[in-house]
Colleague: 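This is the structure, below, for whatever I ask next.
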Amino acid sequence: MKTVYTCFCTDIIHEGHLNIIHRGMEYGEVVAGILTDEATIRFNRFPAVSFEERVAMVEAIEGVSRVIVQKEVTYDKVVQQLRPDYIIHGDNWKEGPLRFLRENAKKLMEETGGELIEVPYTRSREAIHKERVQREKLAMPEYRRKRLRQLLKICPIVKSLEVHSGITGLIAEKTIVETENNLEQFDAMWISSLCDSTVKGKPDIELVDMTSRFKTIDEVMEVTTKPIIFDGDTGGFIEHFVYSVRTLERMGVSAVIIEDKTGLKKNSLFGTEVEQTQDDIAHFCEKIRAGKGTQLTDDFMIIARVESLILEQGMEDALKRASAYVEAGTDGIMIHSRKENPAEIFEFCRKFRRRDCHTPLVAVPTSYHQVFEKELMEYGINIVIYANQLTRSAFPAMERTAKDLLKYHRALEADAKLMPIRQIITLIDEL
C-alpha cells in the first residue's frame, strides 16, 4: 500500500482535518506528523495543549495508521526517512507565509517521484468558530501570563519586540518572515516606558502614570495573544510596586522588569551624562522580595535590571548586584550597556554563567546593534528585547509624509511611499 503523509500543528480537530484524512485514505495508508512545540510556535500558533495531548488526539482519528514526530517545519527529514508516495495538505498554503512550505513539499515530491495532493481548505462556519475560540483562548490572562516561562523552556532565545499600541501589537503578532529552512517571527512583546511616553509626546521621566500605561496594555492585549514583558522603570516606592505587581499579574502580563535606580528617572542611554542614582542593594532586594511576596501565581516574573555598567560602576559591582538580586528571588537578570560593542555584555554573561547556569538573562541590543542573536545565545542570553525600533522607525516615516504633503500641495507623492489602505484593513481581524 502506498504511503500518504500529512502534518498537523493544531490543538483541535475539525471537519477540515477529517476531510484531509478521508481524502488521503483514497490514495493509501495515512501517516500523520505532529509538529513539536518548538516547530509549532514558528507557525504563529502557540500550542494550547501539550504535545502528548496533540499526539493522542490525532491517534484517535479513524483512518490514521500511525503518528510520527516532525521536529522541523520543513518536510526534508520526514521525506528522507518516510519516503511517502504522497504529501496531502489543504490548499490554504498557496499564498502567504506558508507558501514556502508548499514549495518545499512540491520540490521534495518531484525529486522522489511522489505527488503533492491539495485539498480545498474547509471554511465552514463551525470550523472557523472552533479556530477563533482556540485563538481567543490564547489571549486569556491565565494562558498568556505563563507563556513567557513556557517559551524560555522551548526557544533557544525569546525574541521580543517593542509595541506601544494595538496596531504595533498586531505587527508583532502577525509579522512572519520566510528564511531558507524556517519561518521566523517574534515570540513576545515589550511595552516600553520610553515609547509609551514618546507616542504621547511626553518626556521619559515616569511622567505617564501607571493607569495610563495599563491602558496601553489593555489595547495591546485586546488584539493579540503573545506574552507581554512590561517596562516597570524603577518600580517606584515599594508600597506602590506591590500594587503594580498584583495588577499586572491579574491582567495577564508575563513579566515586569525594574531597574535598580532611584529618584527622577532619566533614560539609561544618557549614562553619566546626566545625574542618575543607583539604588542601595539591600533596598532593591527588599523591593524584589515584596513583589514576589505579593504575587498569587508562579507564572508571573519579576526581572531585575542591573544598571552598573550604564553608570560606570564596574563589572564586579554588576555581578555582585546580580547575585544579590537572584538570592532575593528575582526571576531573571537584565544586563544593560550603552557601549557600541557587546564586549562588556559578553564579559558579564561569561562571569555570571560561571556562578549561575539557570537564571534567565535578558539583553537589549540598542547601542550594540551589530550583535547577532546567535552570539547572544552563545553567551547564555535567554531573552533579547528590541526595545524601541518600531517607534524610531515610525516617526521619520510620518515626518517625511508630512513634509511631502507640504512640499507638493497634494497627496500623490506621499502615497507612493505608503502602505495601501486595503493592506492595513487585512491586518485587522473582524469578529
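In this chain, residues are counted from 1 in sequence order. Computed from heavy atoms alone, side chains included, the values below leave out hydrogens, waters and symmetry copies.
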Colleague: Return the minimal non-hydrogen interatomic distance between P84 and M109, and the atom names on each side.
Modeller: O-CE, 3.8 Å
Colleague: Which residue, S197, C195, S192, forms the side-chain contact (heavy atoms from CB on, under 4.5 Å) with D204?
Modeller: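 Checked S197, C195, S192 against D204; only one passes side-chain contact (heavy atoms from CB on, under 4.5 Å): S197.
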Colleague: Hey, is the main chain of G114 close enough, under 3.5 Å, to the side chain of D85 for a donor-acceptor pair?
Modeller: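 Not a single qualifying donor-acceptor pair exists.
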Colleague: Please give me the minimum heavy-atom distance between T297 and F300, naming the atom from each residue.
Modeller: OG1-N, 3.7 Å
Colleague: If the threshold is 4.0 Å, N to carboxylate O, is there a salt bridge linking D233 and K261?
Modeller: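 No.
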Colleague: Would you give the length of the straight line joining atom CD of E347 to atom CD1 of I335, rounded to the nearest 0.5 angstrom?
Modeller: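 Here the interatomic distance stands at 10.5 Å.
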Colleague: Less than 3.5 Å apart, which donor and acceptor atoms pair up between the side chains of residues 28-37 and the rest of the protein, not counting sequence neighbours?
Modeller:
{"from": "E29", "atom 1": "OE2", "to": "S65", "atom 2": "OG", "distance (Å)": "2.9"}
{"from": "T36", "atom 1": "OG1", "to": "E38", "atom 2": "OE1", "distance (Å)": "3.4"}
{"from": "T36", "atom 1": "OG1", "to": "A39", "atom 2": "N", "distance (Å)": "3.3"}
{"from": "D37", "atom 1": "OD1", "to": "R54", "atom 2": "NH1", "distance (Å)": "3.0"}
{"from": "D37", "atom 1": "OD1", "to": "R54", "atom 2": "NH2", "distance (Å)": "3.1"}

Colleague: Can any side-chain N or O of K339 pair as donor or acceptor with the backbone N or O of Y368 at less than 3.5 Å?
Modeller: no
Colleague: Start with the C-alpha distance between R102 and H89, add both sets of side-chain angles, then the distance that settles side chain to side chain contact (heavy atoms under 4.5 Å, CB included), and finish with yes or no.
Modeller: CA-CA 9 Å; R102 179 180 186 270; H89 196 282; over 6 Å; no
Colleague: Do other residues, nucleotides or ligands put more than 12 heavy atoms under 6.0 Å from E222 CD?
Modeller: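 Not buried by this count: 12 neighbours or fewer within 6.0 Å.
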Colleague: What heavy-atom pair brings P227 and L151 nearest, and what distance separates the two atoms?
Modeller: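 Scanning both residues completely, I find the closest heavy atoms to be CG-CD1, 3.7 Å.
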Colleague: Is the backbone of L138 close enough, under 3.5 Å, to the side chain of R147 for a donor and an acceptor to pair up by distance?
Modeller: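 Checked: pair present.
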Colleague: Could you tell me whether R350 sits above the aromatic face of Y379, with NZ or CZ closer than 6.0 angstrom to the six-membered ring centre and within 45 degrees of the axis?
Modeller: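 Output no; distance or angle outside limits.
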Colleague: For residues 14-27, which side-chain N or O atoms pair as donor and acceptor with protein atoms under 3.5 Å away, sequence neighbours left out?
Modeller:
{"from": "H14", "atom 1": "ND1", "to": "G16", "atom 2": "N", "distance (Å)": "2.9"}
{"from": "H14", "atom 1": "NE2", "to": "E131", "atom 2": "OE2", "distance (Å)": "3.0"}
{"from": "E15", "atom 1": "OE1", "to": "S124", "atom 2": "OG", "distance (Å)": "2.9"}
{"from": "E15", "atom 1": "OE2", "to": "S124", "atom 2": "OG", "distance (Å)": "3.4"}
{"from": "H17", "atom 1": "ND1", "to": "H14", "atom 2": "N", "distance (Å)": "3.1"}
{"from": "H22", "atom 1": "ND1", "to": "L18", "atom 2": "O", "distance (Å)": "3.2"}

Colleague: Looking at W93 and G90, what are the two nearest heavy atoms and their distance?
Modeller: CD1-O, 3.2 Å
Colleague: So, the side chain of E53 versus the backbone of S50: is there a donor-acceptor pair under 3.5 Å, distance only?
Modeller: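 Such a contact is found between E53 side chain and S50 backbone.
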Colleague: Can you tell me how far the NZ atom of K107 sits from the OG1 atom of T74, to the nearest 0.5 Å?
Modeller: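 Result: 11.0 Å between the selected atoms.
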Colleague: What distance separates L309 CG from H336 NE2, expressed to the nearest 0.5 Å?
Modeller: 10.0 Å
Colleague: To the nearest 0.5 angstrom, please state how far the CD atom of E184 sits from the CD1 atom of I176.
Modeller: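 That separation rounds to 10.5 Å.
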Colleague: Does K71 NZ have over 12 foreign heavy atoms under 6.0 Å away?
Modeller: no
Colleague: Can you name the salt bridge (Lys or Arg N to Asp or Glu O under 4.0 Å) partners of E413, sequence neighbours left out?
Modeller: R410
Colleague: Side chains of H369 and Q389: does their closest heavy-atom pair fall under 4.5 Å?
Modeller: no
Colleague: Drop me the distance from L170's CG to I167's CD1, to the nearest 0.5 angstrom.
Modeller: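 Here the interatomic distance stands at 5.0 Å.
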Colleague: My understanding is that only residues two or more places apart in sequence, or in another chain, count here; which of them pass ring-ring contact (aromatic ring centres under 6.0 Å, His included) with Y325?
Modeller: F284
Colleague: Not counting sequence neighbours, which residues clear ring-ring contact (aromatic ring centres under 6.0 Å, His included) with Y75? List them please.
Modeller: none
Colleague: When you measure from the side chain of S393 to the backbone N and O of L390, does any donor-acceptor pair fall under 3.5 Å?
Modeller: yes
Colleague: R83 and T3: side chain to side chain contact (heavy atoms under 4.5 Å, CB included), yes or no, with the steps?
Modeller: CA-CA 8 Å; R83 306 292 293 186; T3 302; over 6 Å; no
Colleague: Look at the aromatic rings of Y386 and F186 and report parallel, tilted or perpendicular, splitting at 30° and 60°.
Modeller: perpendicular
Colleague: Once you round to the nearest 0.5 Å, how far does CD1 of I228 lie from CE of M189?
Modeller: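 Reported value, rounded in 0.5 Å steps: 4.5 Å.
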Colleague: Evaluate side chain to side chain contact (heavy atoms under 4.5 Å, CB included) for T359 paired with D356, printing each intermediate quantity in order.
Modeller: CA-CA 6 Å; T359 302; D356 186 331; 2.6 Å; yes
Colleague: Tell me every residue that passes side-chain hydrogen bond (donor to acceptor under 3.5 Å, both in side chains) with K374, counting only those two or more places apart in sequence or in another chain.
Modeller: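 Partners of K374 by the side-chain hydrogen bond (donor to acceptor under 3.5 Å, both in side chains) criterion come out as none, since no residue qualifies.
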Colleague: I'd like to know if the side chain of E344 and the backbone of M315 have a donor-acceptor N/O pair within less than 3.5 Å.
Modeller: no
Colleague: If the condition is side-chain hydrogen bond (donor to acceptor under 3.5 Å, both in side chains), which residues does D187 pass it with, not counting sequence neighbours?
Modeller: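 D187: side-chain hydrogen bond (donor to acceptor under 3.5 Å, both in side chains) contacts with R42.
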Colleague: Got more than 12 heavy atoms from elsewhere within 6.0 Å of CD, E111?
Modeller: yes
Colleague: Name all pairs fulfilling the ring-ring contact (aromatic ring centres under 6.0 Å, His included) condition that reach into residues 117-172, sequence neighbours left out, sorted by first residue then second.
Modeller: none
Colleague: Does a sphere of radius 6.0 Å around CZ in F372 hold more than 12 heavy atoms from other residues, nucleotides or ligands, not counting ones at 6.0 Å or beyond?
Modeller: no
Colleague: Over all heavy atoms of both residues, which pair between L361 and C349 is shortest? Give the atoms and the distance, please.
Modeller: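 Here L361 and C349 meet closest at CD1-SG, 4.0 Å.
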Colleague: Is it true that a side-chain atom of D11 and a backbone atom of A48 form a donor plus acceptor pair closer than 3.5 Å?
Modeller: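 Yes: the side chain of D11 pairs with the backbone of A48.
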Colleague: Are there over 12 heavy-atom neighbours, none belonging to M140, within less than 6.0 Å of that residue's CE?
Modeller: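 No.
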Colleague: Using the test ring-ring contact (aromatic ring centres under 6.0 Å, His included), find all partners of H240 that sit at least two apart in sequence or belong to another chain.
Modeller: F237
Colleague: Work out which heavy atom in G380 is nearest to a heavy atom in R353; give both atom names and the distance.
Modeller: O-NH2, 2.8 Å
Colleague: Salt-bridge test for D298 and R149: reply yes if a basic N is under 4.0 Å from a carboxylate O, no otherwise.
Modeller: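 Salt bridge between D298 and R149, a charged N being under 4.0 Å from a carboxylate O: no.
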Colleague: One thing to verify: whether D196 and K200 come together as a salt bridge, which I'm taking to mean a side-chain N less than 4.0 angstrom from a carboxylate O.
Modeller: yes
Colleague: Applying ring-ring contact (aromatic ring centres under 6.0 Å, His included), name anything that partners F352, two or more places apart in sequence or on another chain.
Modeller: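 F352 satisfies ring-ring contact (aromatic ring centres under 6.0 Å, His included) with F348 once adjacent residues are dropped.
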Colleague: Check each of I217, D231, T168, I229 against I191 using the side-chain contact (heavy atoms from CB on, under 4.5 Å) test, and report the only one that passes.
Modeller: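 So the option named by the test is I217.
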Colleague: Would you find a donor on one side and an acceptor on the other, under 3.5 Å apart, between the side chain of E259 and the backbone of A304?
Modeller: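 Not confirmed, E259 side chain does not pair with A304 backbone.
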Colleague: Who passes salt bridge (Lys or Arg N to Asp or Glu O under 4.0 Å) against K146, sequence neighbours left out?
Modeller: none
Colleague: Could you walk me through whether K159 and E373 pass the side chain to side chain contact (heavy atoms under 4.5 Å, CB included) test, one step at a time?
Modeller: CA-CA 9 Å; K159 298 188 288 291; E373 291 164 6; 3.1 Å; yes
Colleague: Can you name the residues that form a side-chain hydrogen bond (donor to acceptor under 3.5 Å, both in side chains) with Q150, not counting sequence neighbours?
Modeller: none
Colleague: Is it the case that more than 12 heavy atoms not belonging to E142 sit under 6.0 Å from its CD atom?
Modeller: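 Yes, enclosed.
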